[in-house]
Amino acid sequence: MSGIVSYGSYIPKYRIKPDEIARVWGEDADSIRTGINILSKSVPSPDEDVATISVEAARNAVRRGKVNAGDIGAIYVGSESHPYAVKPTATIVASAIGADFSLFSADYEFACKAGTAGMQNVKAMVDSGMIKLGMAIGADTSQGAPGDALEYSASAGGTAMILGKENVIAEINSTLSVTSDTPDFWRREGQPYPTHGERFTGEPAYFRHTINASKMLMERMGTKPSDYTYAVFHQPNGKFPTRAAKTLGFSEQQFKDGLLTPVIGNTYSGSMMTGLSAILDKAAPSDRILAVSFGSGAGSDAFDITVTKNIEKMDRESAPTIKKMLSDVKWLDYAIYAKFKKKIIVGDAVE
Amino acid sequence: MGKLSAVWRETNHRYRLVAHQCGNCKKMYFPPRDICPDCHRESIGKMKEKQLSGNGRIESFTIVHDAPSAFARQRPYVLALVKLDEGPILTAQIVDSDFSELEAGKKVRAVFRKIREDGKGGIIQYGYKFVLE
Ligand SMILES: [Zn+2]
């Protein structure tokens, strides 16, 4: 069966705490911490964007899986913060990892689930025999307007998954999606910051799609929450995925390892995939994983995954683990953060 | 368009640290060269593409305070001579480090970063920088 052959992630080294952001905007950091369960978030350096994050994640996946980049037949990059409006990130990734000229590729956009949509397409291409190996990346350097609630959570990071039929470390038993036209969150062309349709964010958007996709997949597979070792969901904050998991009947033991937003913030397209990466860092053969993403607008992609014996043969430390990337950090104050994130305009600087 | 074609031609070596190795004396050249300056005619047609590991050590470094406006957000930044494990020495930025952590001889590895943007509407150039290992 087809599935994940290798995986790699990248989280920028810089972090900022809600205390720093709350200090500047005169808000209460404690209520942010408890309200949305965010203790810190990652911040990209001024020379990092979705292309550089995608390349680092892709290289980590290639290295960890000892994959020959020339064997990768497709690369799809899902993001809502591609560096160019027109010119694909996938081309930059392909060139940077040394993929072949003969290659399927495109950039995807579906708010926070564009990376998992890429995984589904790559899986279908592997299953149909169109390609031997394919790579799907979810990465973002998301933006929250200064003073907006999103500023506490919008962060940066990404994960690349290489899918194939041979040397599979985690089989994808099944995948399905749900989709509806829901105005919970959007960003118009040319606008620097997104807008959220307040009353739509919770119930009609995140919970409806995430919970239904999870239930439909478990119904299809004839499984129940206790059949899974791990569960990972899209993580716009620390609260939503916890509530979704508990509503479905998962215990903290099952969802704690994939829950990264409290320490790195919401990496948008990278969110659920990076949580899955953290789980794969420690998973053992025959562990079963329910992985469900969510993208505003809105929809969810659900995956039922079983880890195989091959994971024991993989040198998982040959690329940086999530644990390593969480331990090696540099803290920023709001001023440097604002400079890094271009919230401060620097004269006529060409950059 | 002259500059744009130069950027495009250099993609392989800037993105992936692809060097040229002289087939005669085996010396590695980065940036790549079409002829080995030691072997001259002997090297013609024998320069082979070689992927460098990106691992190396700091030879020396300097902290740049008087940075061009395009680097204002990164000022001051570190420019170093890095000796790669395969031999070539190149000049590159060291990023994500405090200056106090830097020392000649310390191990570094290449990362993929944005080098510059040609204004708001121009091309974005990517390439190698280094971080402490
Ligand atoms: Zn020579």
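What you see is a predicted model; the values in this text were computed from it and never measured. So you know, we letter chains A, B, ... as the sequences are listed, proteins then strands, and number each from 1.
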Region of A:Ala85 that comes under 4.5 Å of a non-hydrogen atom in chain B: neither
Side-chain heavy-atom pair A:Pro83, B:Tyr126 within 4.5 angstrom cut-off: yes
Within 6.0 angstrom of A:Asp315 CG, more than 12 heavy atoms from elsewhere: yes
Flag, side chain of B:Arg16 to backbone of A:Ile97, donor-acceptor distance under 3.5 Å: no
Flag, side chain of B:Arg73 to backbone of A:Asp47, donor-acceptor distance under 3.5 Å: no
Top contributor to chain A interface from B:Val18, B:Ile115, B:Val111 [non-hydrogen pairs under 4.5 Å]: B:Val111
When A:Arg59, A:Lys13, A:Lys87 are compared by non-hydrogen pairs under 4.5 Å with chain B, the top option: A:Arg59
Step-by-step salt bridge (charged side-chain N to carboxylate O under 4.0 Å, His left out) determination, B:Lys129 to A:Glu56: CA-CA 12 Å; B:Lys129 292 186 183 181; A:Glu56 291 294 332; over 6 Å; no
Atom NZ of A:Lys343 with >12 non-hydrogen neighbours under 6.0 angstrom: yes
Part of A:Ser45 lying under 4.5 Å from any heavy atom of chain B: side chain
Residues 75-105 of chain B: residues contacting chain A (heavy atom under 4.5 Å, by number): B:Arg75, B:Val95, B:Asp96, B:Ser97, B:Asp98, B:Glu101
Region of A:Lys330 in contact with chain B, defined by heavy-atom distances below 4.5 Å: side chain
Rounded distance (nearest 0.5 Å) linking atom NZ of B:Lys114 with atom CG of A:Asp49: 4.5 Å
Under 3.5 Å: donor-acceptor pair, side chain of A:Tyr84, backbone of B:Ile124: yes
Min side-chain heavy-atom separation B:Tyr15-A:Val55 under 4.5 Å: no
